[in-house]
Every structure is written in C-alpha cells, then in structure tokens.
Amino acid sequence: MLEIAFIRNNAEHVKERLAVKHFKELNLVDEAVVVDEKRRAIQKQLDDNLAKQNAIAKEIGELFKQGKKDEADAKKAETAALKEESKTLEEQLSNNETELKNILVRLPNLPNALVPVGKTPEDNLVVKEAGVIPALFPDALAHWDIAKKLNLFDLELGVKITGAGFPVYRGKGAKLQRSLVNFFLDNAVEAGYHEVIPPHMVNEASAFGTGQLPDKEGQMYHITLDEFYMIPTAEVPVTNIVRDEILEEKNMPVKFAAYSPCFRREAGSYGKDVRGLNRVHQFEKVEIVQIAHPDKSYEVLDEMVRHVEGLLTKLELPYRILRLCGGDMSFGSALTYDFEVWSAAQKRWLEVSSVSNFETFQSNRMKTRFRDESKKTRLVHTLNGSALALPRIVASLLENHQSTDGTVKIPSALQPYTGFSILS
RNA sequence: GGUGAGGUGGAUGAGUGGCUGAAAUCAACAGUUUGCUAAAUUGUCGUACUGAGAAAUUGGUACCGAGGGUUCGAAUCCCUCCCUCACCGCCA
C-alpha cells in the first residue's frame, strides 16, 4: 500500500510510475488526494471539538470539587451540542477513512526505475543465462513419464485422496523432496538466514499484511469456519513476524528462511501448463525473507538473487534470470527477478523462483518500522524470494539429468542429502 | 470443549470515575564521577494522526487486548468478542 503522504506530495509522479505497470485507474490517485484532504479537514474539526469538550469536562470537575453543584450542572448542557456534532464528525471520519483505504488498497506499488517498459512476458528482460542446455537423445522423456517409470510420484493417487494437483510422492521421489528441502535450508542458514517453521494457515490480518488480501483472495484456500487461509507461500506468515513491530536499525537486515508447503487454488489453469508437476495445488518450497533498511534494500535484493543463482548452479541446472517488465510484475512488487530453469524434454523455461523487493508496500500495511539515527520511525523495506520451489526443480532435474538407460543422475551437491547418486 | 483467573508502556507492576499518557522498579540511552570494570548519581526514555514552523521544536486529538455502551468526564462501570494462564476433559 502506498503512503498517502507520499501520494499527496507526488501525485503526478505516482501516476507516471503506475502507468509503467499498465495500471488503468489512474484517476484513483487524484481521488485519494481529494478524499485525504477531506479527511484532514474533518479530523481537524473533530479534534477541536473534542478539545473543547475536554476543557468543559475539566471545568465541571473543578466545580464539583468546590461544591458548586448548580454551576456544574449548568455547564453540562453546554456539551450536548458539541457531543452531537462530534458524533457526526466521527462517523464522517470513519466513512472517509474507509473510503480512503479502499482506494489505497487498489493502487499497485510503484515500479523501480530499473523495471523494463513492457506489457507481456515477452517484454521481460533476460539479464543472465547460465548453465548448459543439454542436447537430449531422441526418445528423452518428460518428467511425468520418468516419474511413472521410476515410481517417484503419483498424481492419480492424489486425485483419489484429495483432487487434481495434489501429488503423492513416494520412495526415492519422496526422499528427493526431503533432500531438496534440507539442501535449500542448509544453504540458507549457511548464508546467515534464521530458520523458522511458520504456521501453515494465517489469519486475515496476516494475509492483508503481505498483500494477498484483498487483491488475490481467489488464490488462497479459505477455511471459512475459523477465518483462516492456507498459506500460498511462507512469505505470508514469515514476513508477518515483524508486523506491528519497531525494529532497531542495528538488528537489520533481519533474515528469515522457512520451509513450508504452499497451497494455491490456481483457478483457471489448464493444458500443458499444468501437466505433471508444472503446476500443482500443493507444493514444497523454501522461502527467504529479508527486512531491510530502505537505503540498502537493493543491495539486499542482489544478494538474494546471487543466493538463488548459487543453488541452481549447485544443482547443475541451466537457468536464466529475468527482470520482469511493468506489465508482468506483481501488484505489490517494486522490482522482481524471476528465475527459470530449462525443462529439457518440454523444451521450455519453467519459473522456479521469484525474488522481489516490495519496498514499503508491505511494511506500510503491516506497520513495520525501524528507528533511524535521529530516533524517528521509518517504514522498512521487505523482500522475499523462493529458494527454491520444488516441483519444477524436480521436473527439470529429471528431464535434464536423465540417461539413455532410463535412470536419472543426482547432482553431486545433492547426493549427501539423498544418499543415492541415481534414480533408478 | 468445561470451569476459574487475568490482559496496563521494552520488562516487572501500581492504579475501582476527574489531580493518570499513566506511579514505582528494572532494562535501554545520554551525561557526571572513576586509572579500567563495577558501583554511585543526574537526565532522557511510547505510538499514530493532525495544526504551526525551513528546522530544532511546539499546540491539539486518539490509544491501558479489540469493538460497542453509560457519563459532563472512563485504564477504572456495563455488554460482546479475541487472547493468555491454571485446573478438568479429549488427544498427536
């Protein structure tokens, strides 16, 4: 959520930047300014009113103490009109604040200056491509066929138990999941992240804090009986650790890493996009989160990008890094790098990580501040990234590292975790 | 799920209608003292919105779990909800 004080003083700039995101309702910016102006006027009047009431109440208290009961009773009448008026003003203020919030909540974050102009995924900027794209033999298999032959996971079984998109991993397939999670977590802890295991459901306030509500309500599974939401990513519970907190600058950046299952409804997906592990409703992921000083958040973003790169390199997977264009980046992000790995048999790039700087978009919602040198409170910057999401990593591992004999080689960095060097 | 107790500032904790934005202690921060450490001592020590000011600063308002209510006036009284703790029940 953008800060109203900033919009107030930079309305034209805000509109300009929002246009880069192809945001259509630029008129909302002006509306916000108008509503805010009204809000301040109402607030001033209300505050003045309350000040008068407080003064009278104080006088009455004095009179009572002096035993001048009649005078005190006479004074009481004076407040009646004020009270009536204050009540009306309070109502107006509350309506006005709701109106303002409804507008602010619809405004996306401003894109950073580095964000490429563009509308579609084709406009994303490839900033790096690394690793060797393997030249596969003729009858190389897609990961779902490999999984079937080697009995690594079973999608049909998941359908019976739950529904489409809930894979059952088994045998070495299950062990591979566990190994990857440990591998990713160990790397994160090694890089200075504090490991946490967060709740897998969150309340409404947390979902609002990171921006899932109200914007992406349909993405989450909603437990209506208890008003909980299944987390679509550990970003939600982990970032909310610092909700309503004032941090000490010397403790920043705060670095968290968390493994969690992720639950996504993914309504409306179909076709080859959802084949095999390409898109599922439940998957495993290790997420890294940093709470950073505003002046240093872009260094932090680069550091996180390098961390993810390191993981992909160790897994010997060909990957590329994209800087998302204005039209393709998410609502709350100021700058996003997507990581894609090459899916050899499908011959396409699969997104396995998204690393973003949200600047103050989330912290303004969460009221997460820090105290700077002059003891003033300022909003922190929040960043997060997948490091990494498992299903497409598994898809890519299977497809890229398959051999003509139908087995799959495990990258050496992962072997200490799996305890085996090939899937057969 | 049942019963009981309770939710006050970074922590402990006082406060049953006006003198309480909130005692006291501890922690923290700044200074004094000291050869260093320790001790002692003085001061500072919540957040948000908002008015004035270039700024330092300063005026107003709100906030004592959340939301309503009573009252001229609420941390204090009433109602609803949430949470914590203890005991019981159930249970990985």
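Labels below follow one simple rule: chain letters A, B, ... track the order of the sequence lines, proteins then strands, and each chain is numbered from 1. Computation of the quantities below employed the complete heavy-atom set of this structure, encompassing side-chain atoms and omitting hydrogens, waters and symmetry-equivalent molecules.
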With sequence neighbours excluded, what pairs up with L125(A) under the side-chain contact (heavy atoms from CB on, under 4.5 Å) test?
P116(A), V127(A), R323(A)
Treating primed atoms plus P, OP1 and OP2 as sugar-phosphate and everything else as base, which nucleotides of nucleotides 68-74 of chain B get B, S or - for protein heavy atoms under 4.0 Å?
----BS-
By ring-ring contact (aromatic ring centres under 6.0 Å, His included) - contacts of F339(A) (at least two apart)
none
Both I4(A) and I246(A) contact RNA chain B. Taking the nearest nucleotide for each, which residue is further toward the 5' end?
I246(A)
Counting only side-chain heavy atoms from C-beta out, which of G46(B), A48(B), A62(B) sits nearest to T377(A)?
A48(B)
Does a side-chain N-to-carboxylate-O contact under 4.0 Å join K87(A) and E84(A)?
no
When rounded to whole Å, the CG to C1' distance for the pair D47(A) and C63(B) reads 13 Å
Proximal nucleotide (of C49(B), G46(B), A48(B)) relative to the R369(A) side chain
A48(B)
Test: salt bridge (Lys or Arg N to Asp or Glu O under 4.0 Å). Region: residues 158-177 of chain A. Which pairs qualify, not counting sequence neighbours?
D154(A)-R170(A)
When the distance from CG of N49(A) to P of U50(B) is rounded to whole Å, what number comes out?
18 Å
Where protein sits on nucleotides 51-58 of chain B, one letter per nucleotide: B base, S sugar-phosphate only, - none, heavy atoms under 4.0 Å
S----S--
Taking CZ from R39(A) and C1' from U50(B), how many angstroms apart are they, rounded to a whole number?
8 Å
Going by ring-ring contact (aromatic ring centres under 6.0 Å, His included), name the residues that satisfy it together with F208(A), two or more places apart in sequence or in a different chain.
none
Measure the distance from CG on L225(A) to P on G1(B) and round it to the nearest whole Å.
11 Å
